[in-house]
Amino acid sequence: MSHMKTITIRELHQETGRWVRQASAGEVYVTERGRLVAKIVRASPLPTKPFFANPRFTRDYLAHRKSLRGGTDSTEIISQDRDREVL
């Protein structure tokens with residue numbers, strides 16, 4: 001396990017690529033005038049399957065799903081609102 005690395009904003013600006021690569025091995029803390037202002041961490045891998053690929057519906061939603069009907073198209077509502085005269 002690597003230890004915590006602390007750098008200044010100036011060091012980050014001078015060698016951004018180096019510190020981003022270093023973050024893949026362990027967290028890099030960025031300070032400004034001795035005060036912690038940011039933390040660079042390794043990115044987690046993207047999920048292989050989109051979150052909404054297999055939605056899970058509640059029983060209540062499934063029970064009422066057949067009675068649900070589409071509402072007014074949001075673009076129509078926005079257009080009407082834009083056409084309205086402002087007093």
Can you measure from CD (Q22) to NZ (K5) and round to the nearest 0.5 angstrom? 7.0 Å

How many angstroms lie between atom OG1 of T6 and atom NZ of K39, to the nearest 0.5 angstrom? 12.0 Å

Residues at least two apart in sequence or cross-chain that pass ring-ring contact (aromatic ring centres under 6.0 Å, His included) with F52, listed by chain then number, are none

Go through R35 and V37 one step at a time and tell me if the side chain to side chain contact (heavy atoms under 4.5 Å, CB included) criterion holds. CA-CA 6 Å; R35 193 179 64 124; V37 293; 3.8 Å; yes

Does Y29 have any ring-ring contact (aromatic ring centres under 6.0 Å, His included) partners at least two apart in sequence or in another chain, and if so, which? none

Interatomic distance, R82 atom CZ to I77 atom CD1 [nearest 0.5 angstrom]: 12.5 Å

Taking only residues at least two apart or on different chains, which pairs with a member in residues 57-86 satisfy ring-ring contact (aromatic ring centres under 6.0 Å, His included)? F57-Y61

List for me each residue that meets salt bridge (charged side-chain N to carboxylate O under 4.0 Å, His left out) alongside D60, sequence neighbours excluded, and say none if there are none. none

Reported CG-to-CZ distance for the pair N54 and R56, which is rounded to 0.5 angstrom: 8.0 Å

Less than 3.5 Å apart, which donor and acceptor atoms pair up between the side chains of residues 7-21 and the rest of the protein, not counting sequence neighbours?
| unit_1 | atom_1 | unit_2 | atom_2 | d |
| --- | --- | --- | --- | --- |
| T8 | OG1 | E11 | N | 3.2 |
| T8 | OG1 | E11 | OE1 | 3.3 |
| E11 | OE1 | T8 | N | 2.7 |
| E15 | OE2 | R18 | NH1 | 3.4 |
| T16 | OG1 | L12 | O | 2.7 |
| W19 | NE1 | E11 | O | 3.4 |
| R21 | NH1 | G17 | O | 3.3 |

Among residues at least two apart in sequence or on other chains, which ones pass side chain to side chain contact (heavy atoms under 4.5 Å, CB included) with A23? V28, I40

